[in-house]
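Take a look at the structure below.
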Amino acid sequence: MSERAPALFVGHGSPLNALAVNDWTRAWAQLGERPARPRAILSVSAHWYVPAVAVTAMSAPRTIHDFGGFPRELYAVSYPARGDALLAARVQELLGPLPVSADEAWGLDHGTWSVLCHMFPRADVPVVQLSIDARQTPRFHYDLGTRLRPLREEGILVFGSGNVVHNLGTYSWGQPREPYDWAVRFEEHVRGSLAARRDGALIDYGALGADARLAVPTPEHYLPLLYVLGASHAAEQVSFPVSGMTGGSISMLAASFG
């Protein structure tokens with residue numbers, strides 16, 4: 001039996017972090033230096049948010065540059081990790097009878113590769129992506145995470161990439177800014193709820209009212225956290241290997257179980 005792999009949520013921030021050396025990317029590199037390397041990675045990225053449940057099943061997923069207006073060198077980044085058809089089939093098995101399509105077109109978007117290029121810079125760990133079904137509720141996504149939990153016992157890193165606070169409409173572009181009060185309050189709520197295992201409060205995040213509406217104006221960057229939370233065990237303690245906020249309204253918080 002493989003050693004249990006972690007369940008890890010990372011706040012990925014700007015795609016430019018793929019090229020950067022900063023506190024966040026150094027911390028991501030340290031996460032990849034853990035003694036027990038995963039056999040493969042199942043990634044749930046904010047940037048594959050579609051009205052379907054699908055899993056990448058190709059042997060060589062392409063590097064997707066799903067953004068615009070960035071420097072040319074960012075579009076030259078390639079992350080040539082292999083796919084894993086057996087892992088894709090295992091995900092379909094665990095989520096059945098829910099229909100999960102085997103996708104041959106998507107690949108690895110920047111929510112995945114902008115972090116993994118620091119964690120595993122040689123791209124030598126196979127990566128499969130699972131889509132986020134945009135039609136479904138937060139409870140649905142958490143429940144899928146619980147069904148993926150057995151993967152960790154098989155040496156699979158369950159990896160969620162998004163941002164706990166993600167409001168581009170209030171982001172301070174190009175200039176430093178102290179975090180907004182509502183962003184700080186919401187991030188503190190998430191940290192406290194993770195530490196105390198108040199899973200229900202994290203699923204029903206909208207109950208926080210105005211703070212939640214500002215911190216999570218659209219759900220796709222928050223939902224990967226629920227997959228990771230669902231894939232964790234109730235007795236596991238959480239650690240926060242990365243923290244900080246950028247532009248006043250994007251949280252870089254990472255949460256690790258195991």
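Residue numbers start at 1 and run along the sequence shown. Quick caveat: nothing in here was measured; it's all calculated off a predicted structure.
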Q. Do the side chain of Arg62 and the main chain of Ala105 share a donor and acceptor less than 3.5 angstrom apart?
A. yes

**Q.** Same apolar cluster: Leu95 and Trp106, side chain cutoff 4.5 Å
**A.** no

**Q.** Rounded distance [0.5 Å steps], OG1 in Thr25 versus CE in Met252
**A.** 9.0 Å

Q. Under a 4.5 Å side-chain heavy-atom rule over Ile, Leu, Val, Met, Phe, Trp and Tyr, are Phe159 and Ile156 clustered together?
A. no

Q.
Under the rule for side chain to side chain contact (heavy atoms under 4.5 Å, CB included), what residues qualify as partners of Asp133, not counting sequence neighbours?
A. Val53, Arg135, Gln136, Phe140, His141

Q. For the atom pair CG (Leu87) and CZ (Arg82), what is the distance rounded to the nearest 0.5 Å?
A. 12.0 Å

Q) Which atoms form the tightest heavy-atom contact between Leu253 and Phe240, and what is the distance? A) CD1-CD2, 3.9 Å

Q) Under a 4.0 Å N-O cut-off, is there an ion pair linking Arg90 with Glu93? A) yes

Q: May I ask you to test the Leu226-Leu144 pair for a side-chain heavy-atom distance under 4.5 Å?
A: no

Q. With under 30° as parallel and over 60° as perpendicular, where do the rings of Phe186 and Tyr205 fit, or are they tilted in between?
A. perpendicular

Q. Which is it for Asn17 and Ser114 under the side chain to side chain donor-acceptor pair (under 3.5 Å) test, yes or no, and what are the steps along the way?
A. CA-CA 6 Å; Asn17 283 318; Ser114 68; over 6 Å; no

Q: Mind listing the closest non-hydrogen atom pair of Ser172 and Arg177 along with its distance?
A: CB-CB, 3.7 Å

Q | Listed partners of Arg197 passing salt bridge (charged side-chain N to carboxylate O under 4.0 Å, His left out), at least two apart | A | Asp199

Q. Between Ser256 and Arg34, does a side chain to side chain donor-acceptor pair (under 3.5 Å) hold up when you go through it step by step?
A. CA-CA 12 Å; Ser256 179; Arg34 291 173 170 175; 2.8 Å; yes

(Q) With heavy-atom distances below 4.5 Å as the criterion, would you say the side chains of Leu42 and Leu130 are in contact? (A) yes

Q | Same apolar cluster: Phe9 and Leu157, side chain cutoff 4.5 Å | A | no

(Q) Tell me whether Gln129 contacts the main-chain N or O of Asp109 through its side chain, where contact means a donor paired with an acceptor under 3.5 Å. (A) yes

**Q.** Inter-residue atom distance Leu229.CG - Phe257.CZ, 0.5 Å rounding
**A.** 5.5 Å

**Q.** Whether Thr146 side chain and Asp143 backbone form a donor-acceptor pair below 3.5 Å
**A.** yes

Q.
I need the minimum non-hydrogen distance between Val158 and Leu148, along with the two atoms involved.
A. CG2-O, 4.4 Å

Q | Verdict with reasoning, Ser161 to Ser45, per side chain to side chain donor-acceptor pair (under 3.5 Å) | A | CA-CA 5 Å; Ser161 180; Ser45 164; 5.1 Å; no

Q.
Using every non-hydrogen atom in the two residues, find where Ala183 and Gly248 come nearest and quote the distance to one decimal.
A. CB-O, 3.8 Å

(Q) A side-chain contact here means heavy atoms from C-beta on lying under 4.5 Å apart; do Thr246 and Trp24 qualify? (A) yes

Q: Return yes when atom CD of Gln237 has more than 12 non-hydrogen atoms of other residues, nucleotides or ligands closer than 6.0 Å, and no otherwise.
A: no

Q.
Consider ring pair (Phe, Tyr, Trp, His ring centres under 6.0 Å). Of Trp113, Phe70, Tyr79, which one does His65 pass it with?
A. Trp113

**Q.** Check against side-chain contact (heavy atoms from CB on, under 4.5 Å), Leu214 and Tyr180
**A.** CA-CA 10 Å; Leu214 286 165; Tyr180 292 95; over 6 Å; no

Q. In Å, rounded to the nearest 0.5 Å, how long is the span from CG of Asp211 to CH2 of Trp182?
A. 8.5 Å

(Q) Could you check whether any side-chain N or O of Glu220 sits under 3.5 Å from a backbone N or O of Ala46, counting only pairs where one atom can act as donor and the other as acceptor? (A) no

Q. Taking NZ, NE, NH1 and NH2 as the nitrogens, is one of them in Arg37 or Asp124 under 4.0 Å from a carboxylate oxygen of the other?
A. yes

Q: With rounding to the nearest 0.5 Å, note down the distance linking CD1 in Ile250 to OG in Ser14.
A: 8.0 Å

Q) Quick one: does Gln92's side chain get under 4.5 Å of Val55's, heavy atoms only? A) yes

Q.
Go through it in stages, so that I can follow the logic: the residues are His47 and His12, the test is side chain to side chain donor-acceptor pair (under 3.5 Å), and I'd like the CA-CA distance, side-chain angles, deciding distance and then a yes or no.
A. CA-CA 11 Å; His47 295 279; His12 63 249; 3.2 Å; yes

Q: State the SG-CG distance between Cys117 and Leu108, to the nearest 0.5 angstrom.
A: 11.5 Å

Q. What class does the angle between the rings of His110 and Phe67 fall in, given that below 30° is parallel, 30 to 60° is tilted and above 60° is perpendicular?
A. perpendicular

**Q.** Over all atoms of both residues, closest heavy-atom pair of Glu73 and Leu19
**A.** CG-CD1, 3.5 Å

Q | Taking every non-hydrogen atom, the tightest pair across Gly107 and Pro61 | A | CA-CB, 3.8 Å

(Q) Tell me whether Ser131 contacts the main-chain N or O of Ala54 through its side chain, where contact means a donor paired with an acceptor under 3.5 Å. (A) yes

Q: Over 60° means perpendicular and under 30° means parallel, so classify the ring planes of Tyr171 and Trp173, tilted if in between.
A: perpendicular

Q. Would Asp181 and Val184 count as a side-chain contact (heavy atoms from CB on, under 4.5 Å) if you check the C-alpha gap in whole Å, the side-chain angles of each, and the deciding distance to 0.1 Å?
A. CA-CA 5 Å; Asp181 290 346; Val184 172; 5.7 Å; no

Q. Quick one: does Phe120's side chain get under 4.5 Å of Ile41's, heavy atoms only?
A. yes

Q: State yes or no: do Tyr142 and Val100 share one hydrophobic cluster built from I, L, V, M, F, W and Y residues joined by side-chain heavy-atom distances below 4.5 Å, directly or via other members?
A: yes

Q | Donor-acceptor under 3.5 Å (Ser251 side chain, Val164 main chain) | A | no

**Q.** Non-hydrogen side-chain atoms of Met119 and Glu33 separated by less than 4.5 Å
**A.** no

Q) Just wondering, do Arg39 and Pro126 contact through their side chains at under 4.5 Å, heavy atoms? A) no

Q: Evaluate the side-chain proximity of Trp48 to Ile132: yes if any heavy-atom separation is below 4.5 Å, no if none is.
A: no

Q: Could you tell me which residues satisfy salt bridge (charged side-chain N to carboxylate O under 4.0 Å, His left out) with Glu236, sequence neighbours excluded, listed by chain and number?
A: Arg4, Arg152

(Q) Checking the side chain of Asn163 only, and the main-chain atoms of His166 only, is there a donor and an acceptor separated by less than 3.5 Å? (A) no

